[in-house]
Amino acid sequence: NGGGNTTVRATTYYNLTVNNAAETYVLAGTTTTSNDLTITAGILDTVTDQNYGLTVGGNYSNSGTFTANSGTVTLNATDAGNTLSGTMTGTSAFNNLTFNGVGGAWSFGAESATAANNFTITNGTVTASSGTLTVNGNFSQNGTFTHNSGTVTLSGGAAQTLSGTLTGTSSFYNLTISNASGTVATDCERTAWVAGVDFDAAATVANNYVVTTASVKIEYNTGSTYTFNNINWNGQAAGTRIYFRNSAAAGTWLLNVSGT
């Protein structure tokens, strides 16, 4: 068209492929591919201030640029063997990434990925990257999360919540928290306390649980058990303190460290 962009009609496709390095492909509305979405070259844009959603029923592959804006990508396959591959960080990071297919299974392989907002598993099994999955919003897991010996990093600039099943076959391997948002009560009481990261459920970290960023504030769910193999926490000096609190004024949470 006159603006130099190609409009992608809002409808349901079987496979959708964009492949022109000089072109920006702009969604005209919420779009669905019942099978694969492939960005071979060029830019696929969900449109600023519209933030159209994308639903993908098969594989997601990006060798160009995906501009998520504030939209949501939903993977809804109901079969196994689906993959996410290519560039999924930086300018091609997701905003909200949701997996919601009963019987569906997806794998990131070795590809690192970023969800600039929420990462949600509603149904299905997700095998994480063996690299790093960075989440800047909430992490919600109600299916199965297979850690693949990778790292999940929570690095948002506002409050983040972890919820659902975070133990057993859905444990983390490495979990790093660098979100330093929130508020510490000056009187060391709960009056003005605001957590930067809030665990709403018990959690297990099979390898390393790392909290080394100054002023991280974490709230643990009262009555829950947190099992970590190794911990790396740095809050000794006044300028690098980290803060842990129980979610209730009365009650306890259990810390179980099996390694070092």
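Treat the numbers as computed from the prediction; the structure is a model and nothing was measured.
- Judged purely by atom type and a 3.5 angstrom limit, Lys217 has no side-chain atom pairing as donor or acceptor with the backbone of Val197.
- Considering OG of Ser247 and CG of Asp200, their distance stands at 8.0 Å, rounded to 0.5 Å.
- Side chain of Ser155 to backbone of Asn136: no donor-acceptor contact under 3.5 angstrom is found.
- For the pair Asn35 (side chain) and Tyr14 (backbone), a donor-acceptor distance under 3.5 Å is absent.
- Among all heavy-atom pairs drawn from Ala201 and Gly164, the shortest one is CB-O, 3.3 Å.
- Inter-residue side-chain proximity for Phe108 and Asn148 is flagged as unmet; no heavy-atom pair is nearer than 4.5 Å.
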Identify all side-chain donor-acceptor contacts of residues 47-56 below 3.5 Å with residues at least two apart in sequence or on another chain.
from	atom 1	to	atom 2	distance (Å)
Thr48	OG1	Asn69	OD1	3.1
Gln50	OE1	Tyr52	OH	3.2
Asn51	OD1	Ser70	N	2.9

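- When only modelled atom types and interatomic distance are considered, Asn234 and Thr212 share no side-chain donor-acceptor pair under 3.5 Å.
- Put simply, the side chain of Asn232 does not reach to within 4.5 Å of the side chain of Asn208, judged on heavy atoms.
- In this structure, the side chain of Ser107 engages the main chain of Gly109 through a donor-acceptor pair within 3.5 Å.
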Inset, instruction - Would you please test Thr38 and Asn15 for side chain to side chain contact (heavy atoms under 4.5 Å, CB included) and show each step? - result: CA-CA 8 Å; Thr38 305; Asn15 292 317; over 6 Å; no
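- The two atoms that bring Ser92 and Thr87 nearest to each other are CB-O, 3.5 Å, heavy atoms only.
- A distance-only check finds a donor-acceptor pair linking the side chain of Gln160 to the backbone of Val135 [under 3.5 Å].
- When each of Leu166, Leu162, Val126 is checked for a side chain to side chain contact (heavy atoms under 4.5 Å, CB included) with Gln141, only Leu166 meets the rule.
- Residues Gly143 and Ser170 come closest through the heavy atom pair O-OG, 4.1 Å.
- Ser130 places none of its side-chain heavy atoms less than 4.5 Å from the side chain of Ser149.
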Inset, instruction - Would you check, one step at a time, whether the test side chain to side chain contact (heavy atoms under 4.5 Å, CB included) holds for Thr40 with Ser63? - result: CA-CA 5 Å; Thr40 303; Ser63 298; 5.5 Å; no
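- For Ala159 against Ser181, the heavy-atom pair with the smallest separation is N-OG, 3.8 Å.
- Paired with Thr114 under the rule side chain to side chain contact (heavy atoms under 4.5 Å, CB included), one option of Asn95, Leu97, Thr89, Thr132 passes, and it is Thr89.
- Listed for the Asp36 side chain is a donor-acceptor partner under 3.5 Å among the backbone atoms of Asn59.
- Of the possible donor and acceptor atoms, none in the side chain of Thr78 sits under 3.5 Å from a partner among the backbone N and O of Val102.
- Checking each of Tyr173, Phe228, Tyr220, Phe172 against Tyr209 for a ring-ring contact (aromatic ring centres under 6.0 Å, His included) leaves exactly one that passes, namely Phe228.
- Looking only at distances, no side-chain donor or acceptor of Asn207 sits under 3.5 Å from a matching main-chain atom of Asn174.
- Between Tyr226 and Phe244, the ring center distance fails the sub-6.0 Å criterion.
- In terms of heavy atoms, Asn62 sits closest to Phe66 at ND2-N, 3.7 Å.
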Legend entry - Residue pair Thr227, Thr167: steps toward the side chain to side chain contact (heavy atoms under 4.5 Å, CB included) verdict: CA-CA 9 Å; Thr227 302; Thr167 60; over 6 Å; no
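- Remark: side-chain polar atoms of Glu219 are not paired, donor with acceptor, to backbone N or O of Arg245 under 3.5 angstrom.
- Inter-residue side-chain proximity for Ile43 and Thr67 is flagged as met; some heavy-atom pair is nearer than 4.5 Å.
- The heavy-atom pair separating Ser140 from Asn142 by the smallest distance is OG-ND2, 3.5 Å.
- In this structure the side chain of Leu37 never reaches within 4.5 angstrom of the side chain of Thr31, judged on heavy atoms.
- Using a 3.5 Å distance cut-off with no hydrogens or angles, the side chains of Asn246 and Thr222 do pair a donor with an acceptor.
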Which pairs of donor and acceptor atoms, one on a side chain in residues 115-124, lie under 3.5 Å apart (sequence neighbours left out)?
from	atom 1	to	atom 2	distance (Å)
Asn117	ND2	Asn96	OD1	2.7
Asn118	OD1	Asn138	N	2.7
Asn123	ND2	Asn100	OD1	2.8

Legend entry - Criterion side chain to side chain contact (heavy atoms under 4.5 Å, CB included) on Tyr25 and Leu16, from CA distance to verdict: CA-CA 12 Å; Tyr25 299 87; Leu16 176 61; over 6 Å; no
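- Within the 3.5 Å criterion, the main-chain N or O of Ala68 finds a donor-acceptor partner in the side chain of Thr46.
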